[in-house]
Amino acid sequence: MAAASSLHVAAPAATPRVGSAGPKSASAARSVRVARSGAAARHGGRLVACAAVATKADAPASEAASKSEGHEVLLFEALREGLMEEMQADPTVCVFGEDVGHYGGSYKVTKGLADMFGDLRVLDTPIAENSFTGMGVGAGMKGLRPVVEGMNMGFLLLAYNQISNNCGMLHYTSGGQFKIPLVIRGPGGVGRQLGAEHSQRLESYFQSIPGLQMVACSTPYNAKGLMKAAIRSENPVVLFEHVLLYNLKEKIPDEEYTLCLEEAEMVRPGEHVTILTYSRMRYHVMQAAKTLVNKGYDPEVIDIRSLKPFDLHTIGNSIKKTHRVLIVEECMRTGGIGASLRSAIIDNFWDYLDTPIMCLSSQDVPTPYAATLEDATVVQPAQIVAAVEQICQ
């Protein structure tokens with residue numbers, strides 16, 4: 001009952017206009033939102049979205065994303081496109097964070113938005129994560145749709161009280177009187193010698209908070225689609241971005257699209273083993289997959305994308321086909337996403353497993369500064385190849 005009350009989908013309430021860009025009223029913004037959702041539903045072969053809930057049309061969206069058309073963007077530019085489009089369409093969308101204004105954010109996701117929408121909608125804050133995250137929660141309660149940027153995900157540990165006790169729970173503890181349509185986003189993960197405090201993976205910290213959704217982007221296509229869906233959601237959503245993926249380039253459609261926040265992506269169909277991964281590890285897995293194919297194996301690779309809740313429909317259908325599972329994550333082994341995912345698979349698909357589930361995770365140590373030691377703490381492609389060979393013996 002509590003979980004059901006914490007997560008909800010409903011029409012946004014009317015709110016005062018903020019800033020100077022976008023439609024002249026919140027009701028106009030809602031009309032734009034409905035019209036855009038209808039247009040998205042007419043795009044055959046792509047995810048059909050309304051209120052951040054999507055279903056599949058006849059063909060996979062790929063991320064197929066009409067490669068013959070569209071435009072090439074880097075991942076951070078795709079995030080900015082999604083944020084800009086939502087701000088243009090809905091005057092209640094605003095951005096809070098350190099250096100998000102005229103500096104454009106530490107990784108330039110908000111570059112140019114302050115000039116377009118003004119300082120009230122793209123608000124530079126002091127270095128006070130607990131305060132501006134709490135301000136985002138309050139703004140969401142009053143009808144705005146804030147996007148809070150953590151300059152580094154590790155810094156959001158300072159805002160953990162606001163995220164856990166207020167952001168995730170207020171809808172339930174207020175008896176449904178308040179909604180918190182808040183997006184918390186920012187860079188995380190092991191970078192290139194950023195040191196222990198700047199290499200945090202907070203998925204495991206946030207996964208137990210009731211009422212909170214979590215997604216992780218891995219390509220420019222899904223970064224934009226997840227950003228737009230997260231902003232439209234009536235639930236608080238944490239969007240994890242990996243610091244090493246911002247400069248990935250991909251062609252994305254010119255027309256508008258969103259993705260489902262609860263849906264995994266089939267990256268590579270296969271028959272012999274199901275490999276479940278997300279974020280940066282998607283690329284380590286695909287590198288290992290090339291070696292595995294040359295050795296005669298046929299791995300099925302799924303980017304789970306939704307870290308909470310898991311897309312057990314997609315995951316289960318794969319397990320029923322391959323009967324073997326390997327989880328590859330950059331999160332820590334103890335209490336990580338992999339541990340929760342393994343538990344969910346055992347609870348739901350035990351009878352379909354022919355071998356024990358294997359999980360490759362980062363080591364339970366602070367991330368070293370030295371490059372060679374840093375690499376040794378996270379999963380490498382050779383380890384993935386060895387694990388698949390062991391599973392498939």
Side-chain angles (χ1 to χ4, degrees), residues 9-12 19 21-95 109-113 116-117 121-122 144-147 181 183 185 213 215 217-235 237 239 241 248-263 265 303 305-306:
V9 176
K24 295 184 180 293
S25 68
S27 60
R30 289 197 301 275
S31 298
V32 171
R33 188 183 303 281
V34 172
R36 288 186 303 156
S37 297
R42 290 192 293 272
H43 293 318
R46 291 197 179 82
L47 289 171
V48 188
C50 181
V53 177
T55 57
K56 282 187 179 178
D58 294 336
S62 176
E63 318 252 313
S66 96
K67 300 296 183 182
S68 59
E69 301 174 354
H71 56 289
E72 279 195 339
V73 292
L74 302 175
L75 189 144
F76 79 89
E77 294 171 330
L79 289 166
R80 184 172 66 223
E81 272 192 24
L83 181 54
M84 180 182 66
E85 288 175 8
E86 294 304 301
M87 294 184 75
Q88 288 173 332
D90 187 344
T92 67
V93 179
C94 50
V95 181
V109 172
T110 58
K111 182 179 179 182
L113 297 185
M116 294 178 65
F117 301 104
R121 292 186 67 191
V122 185
L144 302 182
R145 291 183 174 272
V147 178
V183 178
R185 52 152 297 270
Q213 286 188 263
V215 291
C217 61
S218 55
T219 69
Y221 180 84
N222 67 40
K224 180 178 179 180
L226 292 173
M227 170 71 87
K228 290 170 70 68
I231 293 172
R232 297 184 190 188
S233 176
E234 298 301 312
N235 303 311
V237 179
L239 173 58
E241 304 155 14
L248 282 177
K249 182 180 286 189
E250 183 183 29
K251 185 176 286 188
I252 65 174
D254 292 327
E255 63 268 26
E256 186 182 39
Y257 66 93
T258 62
L259 296 178
C260 180
L261 293 175
E262 296 87 21
E263 190 173 72
E265 175 192 348
D303 184 341
R305 279 200 318 215
S306 177

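- For the residue pair R145 and R232, the shortest heavy atom distance occurs at NH1-O, 3.4 Å.
- For E81, the salt bridge (Lys or Arg N to Asp or Glu O under 4.0 Å) partners are K224, not counting sequence neighbours.
- A donor-acceptor distance shorter than 3.5 angstrom exists from the side chain of R121 to the backbone of M87, with no hydrogens or angles considered.
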Show your reasoning for whether side-chain contact (heavy atoms from CB on, under 4.5 Å) applies to V147 and E86.
CA-CA 11 Å; V147 178; E86 294 304 301; over 6 Å; no

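- Contacts of P220 classified as side chain to side chain contact (heavy atoms under 4.5 Å, CB included), with partners at least two apart in sequence or in another chain: V73, L75, A78, L248, E250, I252.
- Looking at N222, its side chain does come within 3.5 Å of a backbone N or O of S218 through a donor-acceptor pair.
- A distance of 9.0 Å separates CG in L239 from CD1 in I231, rounded to the nearest 0.5 Å.
- The shortest heavy-atom contact between P181 and S233 is CB-O, 3.5 Å.
- Among residues two or more places apart in sequence or in another chain, the side chain to side chain donor-acceptor pair (under 3.5 Å) test is passed with R185 by E149, E241.
- Taking OG1 of T219 as the reference point, atom CD of E265 lies at 6.0 Å (rounded to 0.5 Å).
- Distance check: T110 OG1 to F117 CZ gives 11.5 Å after rounding to the nearest 0.5 Å.
- Atom CE of M227 and atom SG of C217 lie 8.0 Å apart (nearest 0.5 Å).
- Closest approach of L261 to A230, counting heavy atoms only: CD2-N, 3.9 Å.
- Q88 contributes atom CD, which lies 9.0 Å from atom CG of L113 (distance to the nearest 0.5 angstrom).
- In this structure, OH on Y257 lies 9.0 Å from NZ on K228, to the nearest 0.5 angstrom.
- Across all non-hydrogen atoms, the minimal contact from R80 to K111 is CD-O, 3.1 Å.
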